[in-house]
Amino acid sequence: YKRSYDVKFTDKSGNNVDWKNINFKWNIVDNLGIVTNSYENKIDLFLENEDFIGITFLLQVIIDNKIAAETKITIIE
């Protein structure tokens, strides 16, 4: 299974900010062996084991060692 995510950045006024100007990283909380490939402002998550169906984890965007955004993901069929 493969799922892709991307992040878009805005300033306080809601104007788009180029991701190249943001020093950010992706983080997976409770990563139980999910393979990742991150590039540009995107991340691909690969799941090769059906035993992971039903697990939940957090995908986070980290800026300056602080959580800027996160989303809860549950693996379903």
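All heavy atoms count here, side chains included; hydrogens, waters and symmetry mates do not.
Contacts of Thr74 classified as side-chain hydrogen bond (donor to acceptor under 3.5 Å, both in side chains), with partners at least two apart in sequence or in another chain: Thr56. Applying the ring pair (Phe, Tyr, Trp, His ring centres under 6.0 Å) criterion to Phe9, with sequence neighbours excluded, gives Phe24. Partners of Asp11 according to the side-chain hydrogen bond (donor to acceptor under 3.5 Å, both in side chains) rule, which considers only residues two or more places apart in sequence or in another chain, are Asn15.
At least one side-chain heavy atom of Trp26 sits less than 4.5 Å from a side-chain heavy atom of Val61.
Among Asp6, Thr36, Val7, the one residue that satisfies the side-chain contact (heavy atoms from CB on, under 4.5 Å) test with Ile43 is Thr36. Each of Asn37, Val35, Ile28 was checked for a side-chain contact (heavy atoms from CB on, under 4.5 Å) with Leu45, and the lone residue meeting it is Ile28.
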(request) Before giving the answer on side chain to side chain contact (heavy atoms under 4.5 Å, CB included), spell out for Trp19 and Glu40 the whole-Å C-alpha distance, their side-chain angles and the decisive distance to 0.1 Å. (result) CA-CA 8 Å; Trp19 64 269; Glu40 298 177 349; 3.4 Å; yes
(request) Under the side chain to side chain contact (heavy atoms under 4.5 Å, CB included) rule, what do Ile22 and Val17 come out as? Steps first, then yes or no, please. (result) CA-CA 8 Å; Ile22 307 292; Val17 175; 3.8 Å; yes
(request) Carefully, step by step, assess Ile76 and Ile53 under the rule side chain to side chain contact (heavy atoms under 4.5 Å, CB included). (result) CA-CA 5 Å; Ile76 57 174; Ile53 293 174; 5.6 Å; no
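Residue Leu47 holds its CG atom at 13.5 Å from NZ of Lys2, rounded to the nearest 0.5 Å.
The list of side-chain hydrogen bond (donor to acceptor under 3.5 Å, both in side chains) pairs with a residue in residues 57-73, not counting sequence neighbours, reads Asn27-Gln60, Gln60-Glu70. Evaluation of the salt bridge (charged side-chain N to carboxylate O under 4.0 Å, His left out) test over residues 22-31, restricted to residues two or more places apart or in two chains, returns none.
Think of Val29 as one node in a network of Ile, Leu, Val, Met, Phe, Trp and Tyr side chains linked at under 4.5 Å; its network also takes in Leu58.
For the residue pair Ser4/Asp44, the side-chain donor-acceptor check at 3.5 Å is satisfied.
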